[in-house]
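Take a look at the structure below.
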Amino acid sequence: MRAICVYCGSNPGADARYRERAIDLGTRLAKQGLALVYGGGNVGLMGTVADAVLEAGGEVIGVIPEQLVNWEVAHKGVTRLEVVGSMHERKARMFDLADGFVALPGGFGTLDEMFEMLTWRQLGIGDKPCAFLDVGGFYAPLMAMLDRMVAERFLHPDQRQDLWYGEDIGAMLAWMRAYRPAQADKWMDEKRRQALR
């Protein structure tokens with residue numbers, strides 16, 4: 001692993017622990033020689049994690065759509081800032097640059113980006129590890145929803161298990177370094193797959 005993509009809120013959130021965890025993660029990435037790939041912003045948890053990596057002497061690569069640069073939220077102090085034409089280009093570029101993906105607390109954008117990576121992996125487009133780094137149970141309801149998807153047979157149990165969830169940064173990074181993707185098929189039943197053709 002050389003670089004980790006972090007998805008997180010462009011707002012700081014209501015709990016000071018969110019910011020603390022972003023600082024902890026950024027510092028740990030830099031100390032382990034891992035570059036940060038992120039959305040290129042200077043606001044919210046995005047700016048916090050980038051600043052923490054930079055302060056600890058690490059490399060930060062921001063990827064930001066031109067529209068957001070025009071809104072003056074681009075981080076001017078990162079190692080490298082790549083400006084792209086659209087959100088779709090941003091996601092594809094971040095995928096190319098990173099060896100794994102971590103979601104800190106965030107909103108629609110954070111979930112959109114992480115779930116796209118999980119979907120790509122499920123479809124065999126990518127095989128990179130995905131982790132939800134929790135803070136105070138923020139992602140616990142989402143994990144319960146994933147369990148419901150398994151129970152209702154919309155998600156294969158092996159795909160559900162093929163992501164990391166927890167609060168320990170060291171354990172998460174160790175899991176990511178040792179990651180081997182699940183070989184589960186997207187389709188729950190071969191009969192169903194044949195019926196869709």
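Inter-residue side-chain proximity for Tyr179 and Asp162 is flagged as met; some heavy-atom pair is nearer than 4.5 Å. Annotation: side chain of Leu54 is not in contact with side chain of Leu36 (no heavy-atom distance under 4.5 Å). Residues Val49 and Ile23 fail the side-chain proximity criterion, which asks for heavy atoms closer than 4.5 Å. Taking the side chain as every heavy atom from C-beta outward, Leu111 and Tyr139 approach each other to under 4.5 Å. For the pair Phe132/Leu163, a side-chain contact is recorded, criterion being any heavy-atom separation below 4.5 Å from C-beta on. In this structure, the side chains of Leu25 and Val6 come closer than 4.5 Å at one or more pairs of heavy atoms. Contact of the Arg90 side chain with the Met94 side chain is registered, since non-hydrogen atoms from C-beta on lie closer than 4.5 Å. Thr27 places a side-chain heavy atom less than 4.5 Å from the side chain of Lys31.
Judged by distance alone, with hydrogens and angles left aside, the side-chain atoms of Arg21 form no donor-acceptor pair with the main-chain N or O of Pro105 at under 3.5 Å. With hydrogens and angles ignored, the 3.5 Å screen pairs no side-chain donor or acceptor of Asp15 with any backbone N or O of Tyr18.
Residues passing the ring-ring contact (aromatic ring centres under 6.0 Å, His included) test with Tyr165, sequence neighbours excluded: none.
Surrounding CZ of Arg177 are more than 12 heavy atoms belonging to other residues, nucleotides or ligands, all under 6.0 Å away. The number of heavy-atom neighbours closer than 6.0 Å to CZ of Arg19, taken from other residues, nucleotides and ligands shown, is 12 or below. Around atom CD of Glu66, no more than 12 heavy atoms belonging to other residues, nucleotides or ligands sit under 6.0 Å away.
Residues Asp134 and Glu167 approach most closely at O-CG, 3.4 Å, considering heavy atoms. For the residue pair Gly26 and Ala52, the shortest heavy atom distance occurs at CA-CB, 4.0 Å. The minimum heavy-atom distance linking Arg17 with Gly136 is given by the pair NH1-CA, 3.9 Å. In terms of heavy atoms, Cys8 sits closest to Leu104 at CB-CB, 3.6 Å.
If you look at Trp120 and Phe95, their ring centroids are closer than 6.0 Å.
We find that Glu89 and Lys91 are not joined by a salt bridge, their nearest charged nitrogen and carboxylate oxygen being 4.0 Å or further apart. A salt bridge links Arg160 and Asp147; the closest N-O separation between the charged side-chain nitrogens and carboxylate oxygens is under 4.0 Å.
Contacts classified as ring pair (Phe, Tyr, Trp, His ring centres under 6.0 Å) and involving residues 36-88 (residues at least two apart or in different chains) are not found.
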In sequence, state the C-alpha distance, the side-chain angles, and the governing distance for Asp99 and Lys128, and then conclude on salt bridge (charged side-chain N to carboxylate O under 4.0 Å, His left out). CA-CA 6 Å; Asp99 300 307; Lys128 300 175 183 181; 5.2 Å; no

Is there a salt bridge (charged side-chain N to carboxylate O under 4.0 Å, His left out) between Asp127 and Arg121 once you walk through the steps? CA-CA 5 Å; Asp127 60 358; Arg121 197 175 64 190; over 6 Å; no

